[in-house]
Amino acid sequence: MPRMSDDSRLDPVVDAVLASSRALVAVSARSIAGVTGVTLPQYRMLVVLHAAPSNLSQLARALDVAPSTAMRMADRLVAAGLVTRTVPPENRRETRLEITAAGGQAIRRVNARRRRDLKAVLSRIAPDQRPQLAAAMSAFAQAAEELWKGISSKAP
């Protein structure tokens, strides 16, 4: 009998994670829909800025987007009152971006709705299966963190 390759043994796991990721993206999209006029990429920017103020170049790198894309996203968030833009006196060539109180409140609203929706989904899973799910999701998050440093540490 031919031996299955490691890649083919991973296929059912990949399929299960893909199905789960679609559900998690739906939870994310639902939670962000509660913040008027903020897109998922803009929300990611708010999360990064929630961790620490940043200049445009650092922000673009953290989000893995072109600086011009980061600038357009920041412009929209500034116009919405969720981010402030300042020029530090010690470096007039740099633009500093920082989340506002309203931006922080938007993150808290998104997280509250996300937690509520996740609890609703998780309540449909048998209680005896929840510890296995928690262990598997923790292992997945740890593997992603190791592969892409900082992927989960920036999320509030």
Side-chain angles (χ1 to χ4, degrees), residues 6-7 10 13-123 125 130 133-156:
D6 284 343
D7 282 350
L10 280 177
V13 177
V14 169
D15 291 342
V17 171
L18 279 172
S20 296
S21 72
R22 284 190 293 275
L24 289 169
V25 167
V27 167
S28 291
R30 283 175 48 88
S31 64
I32 292 168
V35 180
T36 306
V38 175
T39 65
L40 182 56
Q42 290 167 343
Y43 179 74
R44 286 181 56 225
M45 180 176 278
L46 288 175
V47 169
V48 170
L49 290 173
H50 186 263
S54 182
N55 67 36
L56 194 62
S57 312
Q58 293 167 337
L59 196 53
R61 277 193 304 277
L63 297 171
D64 196 25
V65 298
S68 60
T69 300
M71 179 61 90
R72 285 190 300 275
M73 290 167 57
D75 288 345
R76 290 183 185 110
L77 292 173
V78 167
L82 302 174
V83 168
T84 59
R85 179 185 291 131
T86 58
V87 177
E90 68 276 4
N91 184 354
R92 311 262 324 141
R93 293 182 296 150
E94 181 177 292
T95 299
R96 183 176 187 80
L97 298 163
E98 191 168 353
I99 195 167
T100 64
Q105 183 180 25
I107 287 176
R108 287 188 294 281
R109 276 198 322 264
V110 167
N111 286 339
R113 183 165 184 184
R114 196 171 282 175
R115 288 184 71 77
R116 184 196 69 204
D117 288 352
L118 286 170
K119 282 182 178 181
V121 171
L122 294 170
S123 72
I125 295 173
R130 293 176 192 161
L133 175 61
M137 295 301 288
S138 293
F140 181 87
Q142 180 63 37
E145 178 68 26
E146 289 170 8
L147 187 58
W148 302 298
K149 302 289 183 213
I151 192 169
S152 62
S153 63
K154 293 179 181 158

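Small disclaimer: the values here were computed from a predicted structure and weren't measured.
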Can you list everything that forms a side-chain hydrogen bond (donor to acceptor under 3.5 Å, both in side chains) with [X]? Sequence neighbours excluded, please.
X    : value
T39  : Q42
T69  : R72
E98  : none
E146 : Q142

Does any non-hydrogen side-chain atom of [Y] lie less than 4.5 Å from one of [X]?
X   : Y    : result
M73 : P41  : yes
L97 : M71  : no
M45 : L59  : yes
L63 : V48  : yes
Y43 : V110 : yes

Under the rule for side-chain contact (heavy atoms from CB on, under 4.5 Å), what residues qualify as partners of [X], not counting sequence neighbours?
X    : result
V17  : V13, F140
I125 : L122, Q129, R130, L133
A102 : L82, T100
A60  : V65, P67, A70

Between [X] and [Y], what is the shortest heavy-atom contact and its length?
X    : Y    : value
H50  : G104 : CD2-CA, 4.5 Å
I99  : G103 : CD1-C, 3.5 Å
M137 : L24  : CE-CD1, 4.0 Å

* So, S21 side chain and L18 main chain: donor-acceptor pair closer than 3.5 Å or not? -> yes
Tell me which pairs pass salt bridge (charged side-chain N to carboxylate O under 4.0 Å, His left out) where either residue lies in [range], with sequence neighbours left out.
range            : result
residues 50-61   : none
residues 13-31   : R30-D117
residues 101-112 : none

* Does the pair R113 and S31 meet the rule for a side-chain hydrogen bond (donor to acceptor under 3.5 Å, both in side chains), with working shown? -> CA-CA 5 Å; R113 183 165 184 184; S31 64; over 6 Å; no
* Partners meeting salt bridge (Lys or Arg N to Asp or Glu O under 4.0 Å) with R85 (sequence neighbours left out) -> D75
* Assess whether side-chain contact (heavy atoms from CB on, under 4.5 Å) is satisfied between S54 and R96, documenting all intermediate values. => CA-CA 6 Å; S54 182; R96 183 176 187 80; over 6 Å; no
* Asked: Rounded to the nearest 0.5 Å, how far apart are CG of L56 and CD of E94?
  ->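 Atom-to-atom, L56:CG and E94:CD are 10.0 Å apart.
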